[in-house]
There are 2 protein chains.
Amino acid sequence: MTARQQDVLDAALRLLVEEGDALTMTAVARRASCSKETLYKWFGDRDGLLTATVRWQASKVRVEPVDRARLNLASLTASLEQFASNWLTVISSETSIALNRVAVSHAGSGKDDLGAIVLENGRFEMGRRLKPVLEAGRDAGLLVFDDTEETFRIFFGLVARDVQIRLLLGDRLKLTAAAIARDSAQATQQFLALHGAQNRPANNGH
Amino acid sequence: MTARQQDVLDAALRLLVEEGDALTMTAVARRASCSKETLYKWFGDRDGLLTATVRWQASKVRVEPVDRARLNLASLTASLEQFASNWLTVISSETSIALNRVAVSHAGSGKDDLGAIVLENGRFEMGRRLKPVLEAGRDAGLLVFDDTEETFRIFFGLVARDVQIRLLLGDRLKLTAAAIARDSAQATQQFLALHGAQNRPANNGH
DNA sequence: CTTGAACCGTACCGTACGTTACGGTTCGGC
DNA sequence: GCCGAACCGTAACGTACGGTACGGTTCAAG
């Protein structure tokens, strides 16, 4: 993956945000100032280009892991809030919306695995990233739960609620930084109310 | 809307589930045993057909309203669980997945308002349907909350979690009747833990 | 029986776009 | 300076599909 190829994928990405799945190979070539022949040489066909574009965007998203050391209620709360805030910021971005839209479209007629790629780098990656935090919280006696996966899904629901589906369906939902901060804090408090150790040690609704 | 037209839309609906947004007018005409000329006469163009199909499906979904009389904790819990169960059943159906997929696709390039229609008959209709139950619960002293809309969104998040986005992205997620019943009961208990009057009268995370 | 409206089936048209081909240009290696 | 590889720009090809036209059929009204 040369720098030039990355430039081309960046152009494709911008075009994907602007045009959605209606982007044409001609438009990508023009935007990237490259020839269509090169596009086909590098990426095989249109699906290959889209797949490479999605992977390229995924590779750009890098988040620092959360440290497990010196975990107390305050630091756990901060980690959860930060995680929620990051997640809400990502899913409400134009790029994420465009990528999820095209992935959802393609998941219908299974020509490629765009849906699986987005799922793997989105929802599932988030799970892998937060689970250590949850389990560290449990090890520190701050959280009470049995199944890490199920517990993550609860946190996921409290954070995302109806945001993603509404954005994907075109709802004009303005998520300001203040709203994200407030919602993240609220979701974290609700999560702690359900799974925090000090509140209800053995009543999780199971 | 004659019966014949409804038959045509049913054919289009089945084809939409099978083929997704890749369905062609020719395929619809063949499946419905009608001529393309009739399709264009009745529905104007392809977008008109899709819009009519989505509206037709929406018009078929009818749910009995919940009665507000004799509300106690048991009946409120039952109402919430039933609502959650219905909702999960709907969004995990092949029809809903296909319709949401095409609506998400079209929401990208705003040729029509499929996204708005699905949003209006899905997420927003659910809100209008459950809000009376929530407010009746509050009037009966069973629930504690300020903003009905925000409270509905919390319940929505607890119920749906990551289900819809995973299904839309093609994840093979098997929602058995037993799983739906269990998840609905769990979400309801979690919601009551957050907003039930008997548990924590003034700590909703606001 | 006649008539005309509605509709079916199919052939046809125009276009957009994916894909390929090709001549011209740049540029690093020798 | 010469060569070949890589690449640019553009033209061209093939096809799929949205949309239209038209002849044939059904059927109800009178």
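Lettering of chains follows the sequences in order, A, B, ..., and the numbering in each one begins at 1.
Salt bridge status for A/Glu149 with A/Arg123: present, with a side-chain N to carboxylate O gap under 4.0 Å. Using a 4.0 Å cut-off between charged nitrogen and carboxylate oxygen, A/Arg182 and A/Glu81 do not count as a salt-bridge pair. One finds a salt bridge joining B/Lys60 and B/Asp10 here, because a Lys/Arg side-chain nitrogen approaches an Asp/Glu carboxylate oxygen to under 4.0 Å.
Remark: B/Arg138 qualifies as a cation-pi partner of B/Phe145 under the 6.0 Å distance and 45° angle criteria applied to the six-membered ring.
When rounded to the nearest whole Å, the span between CG of A/Leu39 and C1' of D/dG9 equals 12 Å. Atom P of nucleotide C/dC8 and atom CZ of B/Arg30 are separated by 15 Å, given to the nearest angstrom. Going from atom CD of A/Glu19 over to atom C1' of C/dA16 covers 14 Å, rounded to whole Å.
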Full working for side-chain hydrogen bond (donor to acceptor under 3.5 Å, both in side chains) between A/His106 and A/Asp21
CA-CA 9 Å; A/His106 285 231; A/Asp21 205 2; 3.1 Å; yes
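OP1 or OP2 of D/dC8 lies within a sub-4.0 Å distance of a side-chain N or O belonging to A/Thr38. Note on B/Trp42: every side-chain N or O is 4.0 Å or more away from OP1 and OP2 of C/dA6.
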Give me the distances for all protein-to-nucleotides 16-21 of chain D N/O pairs that come in under 3.5 Å?
{"residue": "D/dG18", "atom": "OP1", "partner": "B/Arg46", "partner atom": "NE", "Å": "3.0"}
{"residue": "D/dG18", "atom": "OP2", "partner": "B/Met25", "partner atom": "N", "Å": "3.0"}
{"residue": "D/dG19", "atom": "OP2", "partner": "B/Tyr40", "partner atom": "OH", "Å": "3.4"}
{"residue": "D/dG19", "atom": "OP2", "partner": "B/Arg46", "partner atom": "N", "Å": "3.0"}
{"residue": "D/dG19", "atom": "N7", "partner": "B/Lys36", "partner atom": "NZ", "Å": "3.1"}
{"residue": "D/dG19", "atom": "O6", "partner": "B/Lys36", "partner atom": "NZ", "Å": "2.6"}

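At least one donor-acceptor pair closer than 3.5 Å links the side chain of A/Thr151 to the backbone N or O of A/Asp147.
Backbone-only contact: B/Arg4 has heavy atoms under 4.0 Å from sugar-phosphate atoms and none from a base.
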